[in-house]
K.L.:
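One structure follows; several queries about it will come next.
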Amino acid sequence: MSFWNKLPKPFFVMAPMADVTDVAFRALVAKRGKPDVFWTEFVSADGLYHTREIAKMPDEANPLMRDLQFTEDQHPIVAQIFSSKPEMIGYATKLMAELGFDGVDINMGCPDRTIEKQAAGAALIKNPELAQEIIRAAQSASTLPVSVKTRVGYSRESLDEWLAALLEAGPAAITLHLRTRKELSLVKADWELMKKAVAIRNRVNPEVLLIGNGDVQDLDDARAKIAASGCEGAMLGRAMFGNPWVFEEISGHRRSSSEVGHPMSTHGLNEKLAALVELAHGFEKITPPKHFAILKKHIKAFVTGFSGAAELRARLMQAENASEIEKMVLDTTTPHD
């Protein structure tokens, strides 16, 4: 029995997001309230093989291995990988087992052109037979449970064909981003389609867990979407930006704000700025180092919605290290809490 079968229902998970869900951001979230499942950024299985086996790059210098770092308080954690080659997926899955991950997730939904040119990511929606082969390659490579993250279709919704094919391969869980590849994130996620997905799942393979993804605002919204659609879990992505407390409610108890009788705690400006400083210092410790400019998307998310935000944000955008961010924050008077 894998960790997936031991999760409470409903459950709430962290979305894998490139240049967001690194070990430093996961640490920030874990300290404030852990999701039911952590995810890494997605990593190229082909790249792992090439850098480790062909180029013989030491793991401590390998940026792909850096993206697979995690700490003991980040469990259960799933490593997300991508490739169109079953043998590469098999190689990466074995590696994830050796590294101590709790599961492996295969990305079959990324719309990035460079990923699709490799016939991976969302391109696999057009090749269900290869997708099944890839899932089975991962399943046979280790004892880790295998999950898939994908979309409801490529140019149009095709759950009857696409989801059914995935279910036949028997992954432990499938996360459905409730948009097509063509829609990207330009339209509202269609949670009505999850009802159709649940019906297909119940018919084809009732053992597979379904996780909904797209436009989930917070845990109460996640609960409502799960209850209305019949899936088992929800994945939160953009809701984490500037809000590492998004999962705090499920640490220790699982009551919603309506059950508690008042809104869950809100976090003031000083607390948000302190979290940004903590993230910056954690980010700086990642090795091999990542470009500090990656933090800018977090600065935008944390430093917003208060008088003087634009000015402080503009200054912070010029920072080149965590100490500079900390000094700017300390120099800012914040009588808002």
Side-chain angles (χ1 to χ4, degrees), residues 13-21 39-47 78-86 88-89 92 104-135 137-138 146-169 171 173-201 204 208-216 225 229 231 233-239 241 297:
V13 307
M14 166 185 283
M17 302 175 77
D19 286 332
V20 177
T21 54
W39 245 265
T40 68
E41 304 168 80
F42 75 161
V43 175
S44 166
D46 301 61
V78 170
Q80 192 182 69
I81 56 177
F82 69 91
S83 177
S84 61
K85 302 182 183 72
M88 292 293 105
I89 289 291
V104 167
D105 188 75
I106 304 168
N107 183 300
M108 298 189 181
C110 178
D112 189 287
R113 298 271 182 209
T114 59
I115 308 300
E116 289 204 275
K117 282 179 182 174
Q118 302 171 48
L124 284 165
I125 299 172
K126 299 185 287 187
N127 195 341
E129 295 80 10
L130 178 57
Q132 289 179 327
E133 195 180 338
I134 284 171
I135 293 169
V146 177
S147 55
V148 171
K149 185 172 188 289
T150 189
R151 292 172 177 260
V152 296
Y154 196 84
S155 297
R156 58 174 181 81
E157 181 263 304
S158 57
L159 289 171
D160 286 311
E161 304 82 24
W162 172 233
L163 180 59
L166 294 177
L167 289 163
E168 286 168 8
I174 297 173
T175 301
L176 273 179
H177 182 165
L178 293 156
R179 299 179 176 96
T180 64
R181 185 296 175 205
K182 183 179 180 181
E183 289 169 336
L184 301 174
S185 290
L186 302 174
V187 302
K188 190 176 178 182
D190 188 355
W191 273 82
E192 283 297 309
L193 287 174
M194 183 54 86
K195 296 177 184 176
K196 178 177 179 179
V198 168
I200 295 169
R201 183 275 309 273
V204 178
V208 180
L209 300 173
L210 287 181
I211 304 165
N213 174 224
D215 298 337
V216 182
K225 285 176 163 63
S229 64
C231 63
M235 178 176 277
L236 285 75
R238 282 177 288 185
F241 275 101
K297 62 179 71 177

K.L.:
How close do Lys182 and Ser155 get, counting heavy atoms only, and between which atoms?
P.N.:
CD-O, 3.8 Å
K.L.:
Identify the heavy atoms of Ile174 and Leu163 that sit nearest to each other, and give their distance.
P.N.:
CD1-CD1, 3.8 Å
K.L.:
Among residues at least two apart in sequence or on other chains, which ones pass side chain to side chain contact (heavy atoms under 4.5 Å, CB included) with Glu129?
P.N.:
Asn127
K.L.:
Does Arg201 reach the main-chain N or O of Val208 with its side chain, forming a donor-acceptor pair under 3.5 Å?
P.N.:
yes
K.L.:
Looking at side-chain heavy atoms only, is the closest gap between Val152 and Asp190 below 4.5 Å?
P.N.:
no
K.L.:
Rounded at 0.5 Å granularity, tell me how far CG in Leu176 sits from CG in Asn213.
P.N.:
9.0 Å
K.L.:
How many angstroms lie between atom OG of Ser83 and atom CG of Leu130, to the nearest 0.5 angstrom?
P.N.:
8.5 Å
K.L.:
For a quick test of reading the model, state the closest non-hydrogen atom pair linking Ala189 to Arg179 and the distance between them.
P.N.:
N-NH2, 3.5 Å
K.L.:
Treating Thr180 as the side-chain partner and Gly153 as the backbone partner, does any N or O pair qualify as donor plus acceptor under 3.5 Å?
P.N.:
no
K.L.:
Distance-only, no hydrogens or angles: does the Trp191 side chain make a donor-acceptor pair with backbone N or O of Gly214 under 3.5 Å?
P.N.:
yes
K.L.:
Examine distances only and state if a side-chain atom of Ser84 and a backbone atom of Gln118 form a donor-acceptor pair shorter than 3.5 Å.
P.N.:
yes
K.L.:
Using the test side chain to side chain contact (heavy atoms under 4.5 Å, CB included), find all partners of Glu41 that sit at least two apart in sequence or belong to another chain.
P.N.:
Asp19, Thr21, Asp22, Asp67, Lys290
K.L.:
Could you tell me if the side chain of Val78 sits less than 4.5 Å from the side chain of Lys149, heavy atoms only?
P.N.:
no
K.L.:
Working to the nearest 0.5 angstrom, can you tell me the gap between Leu159 CG and Met194 CE?
P.N.:
9.0 Å
K.L.:
To the nearest 0.5 Å, what is the distance between CG (Leu178) and CD (Glu183)?
P.N.:
10.0 Å
K.L.:
Could you state the interatomic distance from CD (Glu161) to CD1 (Ile125), rounded to the nearest 0.5 Å?
P.N.:
12.0 Å
K.L.:
First locate atom CE of Met17, then atom CZ of Arg238, and finally report the distance between them rounded to the nearest 0.5 Å.
P.N.:
7.5 Å
K.L.:
More than 12 heavy atoms of other residues, nucleotides or ligands under 6.0 Å from NZ of Lys297: yes or no?
P.N.:
yes
K.L.:
Which heavy atom in Ala165 sits nearest to a heavy atom in Pro128, and how many Å separate them?
P.N.:
CB-CB, 3.8 Å
K.L.:
Heavy-atom distance under 4.5 Å between the side chains of Phe82 and Cys110, does that happen here?
P.N.:
no
K.L.:
For a salt bridge (charged side-chain N to carboxylate O under 4.0 Å, His left out) check, start with the C-alpha distance between Asp46 and Lys85, then their side-chain angles and the critical distance, and finish with the verdict.
P.N.:
CA-CA 8 Å; Asp46 301 61; Lys85 302 182 183 72; 2.8 Å; yes
K.L.:
Check Ala15 against Trp39 and note the closest heavy-atom contact, atom names and distance.
P.N.:
C-CB, 4.2 Å
K.L.:
What pair of heavy atoms forms the shortest contact from Val204 to Glu168, and how long is it?
P.N.:
CG1-CG, 4.1 Å
K.L.:
Would you check if the side chain of Thr40 reaches a backbone N or O of Gln80 as a donor-acceptor pair within less than 3.5 Å?
P.N.:
yes
K.L.:
Does the side chain of Met88 reach to within under 4.5 Å of the side chain of Ser44, using non-hydrogen atoms?
P.N.:
no
